[in-house]
Amino acid sequence: MGALVITVTSGKGGVGKTTTTANIAAALAAQNAKVVCIDGDIGLRNLDVVMGLENRIVYDLVHVVEGTAKLRQAMIRDKRLPHLYLIPAAQTRDKSAVSPSDMIRICDELRTECDYIIIDSPAGIERGFRNALAPSDKVLIVTNPEVSAVRDADRIIGLVESEQKGPPSLIINRIKADMVKRGDMLSIDDVLDVLAIDLIGIVPEDEQIVVGSNRGTPVALDEKSRAGQAFRNIARRLAGENLPLMDLDKQDGFLARLGKLIRPGG
Amino acid sequence: MNNLFNRLTGRQPPSRQVAKDRLKLVLIHDRTDVSPAVLEQLKDELIAVISKFVDIDRDGVDIKLTQEQTESRLVADIPLLKSPRRRR
């Protein structure tokens with residue numbers, strides 16, 4: 001039995017596809033699974049920087065497609081997690097350099113060698129998205145609790161279903177529990193109510209995400225990060241565990257605990 | 001929904017509710033590929049056809065798309081004018 005090919009997509013840009021890809025990959029690799037990430041955003045690569053591997057790129061996906069490099073040569077091994085690899089996107093080419101059948105061929109070659117292949121899809125619904133979707137066994141749709149992001153997620157759900165890729169699962173990213181409570185942000189139930197889709201994870205807004213991408217270290221490797229915990233939970237669900245959703249109201253940071261000591265019930 | 005909230009409380013509804021209502025409406029039109037303009041045209045033609053057979057209250061006609069999970073439907077609410085015969 002080969003690897004599970006997971007495609008991370010969203011329609012809308014900026015909702016956190018690349019961050020989600022890097023963190024789920026790191027979390028799975030930290031559980032000792034062998035994981036290969038593929039940056040599907042030809043021409044606008046970013047997964048390399050988020051994973052902190054930008055200085056080690058020699059060959060990329062387009063080199064592999066064109067036969068200039070072997071698949072192995074384009075796989076960059078993560079220094080922290082020896083089971084984690086990245087196949088970067090080409091930066092100076094455009095999406096037409098890769099076709100959906102190229103992606104299927106590359107993934108088929110990788111399937112026997114690893115447990116998970118995670119493809120970071122570009123925004124949009126054009127060629128890059130088609131490439132990322134073609135070899136997929138499981139589609140993860142990332143959205144934010146905002147009208148535009150949920151609208152695009154709905155469009156993507158329709159496209160994934162029309163490609164008969166099986167039911168996609170949703171990740172709601174960047175939730176601010178206090179804003180939901182105040183009535184100023186769509187809640188998890190609001191989003192699920194309109195999209196009617198399986199929910200695989202919720203990720204709270206977390207400043208550590210910025211710190212992590214500054215350093216090129218996914219927060220999934222940071223035990224204290226709330227978003228990191230959320231991504232670790234998603235990885236465990238992908239691996240088949242049945243975990244309850246995290247409680248977004250719970251704040252277990254030091255200051256929050258101190259605050260509770262001073263003002264019990266506050 | 002929003003109008004009701006406004007009337008009952010005299011306040012602006014929470015933006016979360018506004019977002020959800022707008023989202024629902026935009027998704028109905030996205031999913032069915034029926035724009036508000038097409039719906040308006042449909043309404044006009046429907047009024048013209050029905051008026052040939054019964055007297056209706058044209059201003060009270062309400063045509064909308066609704067969505068229940070995966071099922072969309074076109075709902076038309078067409079009030080009839082009170083018939084003089086029944087009043088007698």
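Please read all numbers here as calculations on a predicted model, not as lab measurements. Lettering of chains follows the sequences in order, A, B, ..., and the numbering in each one begins at 1.
Within 6.0 Å of the CG atom in A:Asn214, the count of heavy atoms belonging to other residues, nucleotides or ligands exceeds 12. More than 12 heavy atoms of other residues, nucleotides or ligands shown are found within 6.0 angstrom of CZ on A:Arg237. The number of heavy-atom neighbours closer than 6.0 Å to CZ of A:Arg182, taken from other residues, nucleotides and ligands shown, is above 12. Enclosure of atom CD in A:Glu163 by more than 12 non-hydrogen atoms of other residues, nucleotides or ligands within 6.0 angstrom is indicated.
Salt bridge status for A:Arg151 with B:Asp30: present, with a side-chain N to carboxylate O gap under 4.0 Å. A salt bridge is absent between A:Asp184 and B:Arg16: the closest approach of a Lys/Arg side-chain nitrogen to an acidic carboxylate oxygen does not fall below 4.0 angstrom.
Interface remark: A:Ser187 contributes backbone and side-chain atoms alike to the contact with chain B (heavy atom separation under 4.5 Å). In this structure, the portions of A:Val180 lying under 4.5 Å from any heavy atom of chain B include both its backbone and its side chain.
Checking A:Asp190, A:Val147, A:Asp189 one by one against B:Lys20, the side-chain contact (heavy atoms from CB on, under 4.5 Å) holds for a single residue, A:Asp190.
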Full working for side-chain contact (heavy atoms from CB on, under 4.5 Å) between B:Leu23 and A:Leu186: CA-CA 10 Å; B:Leu23 191 53; A:Leu186 290 167; 4.0 Å; yes
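Closest approach of A:Gly183 to B:Pro14, counting heavy atoms only: O-CB, 3.2 Å.
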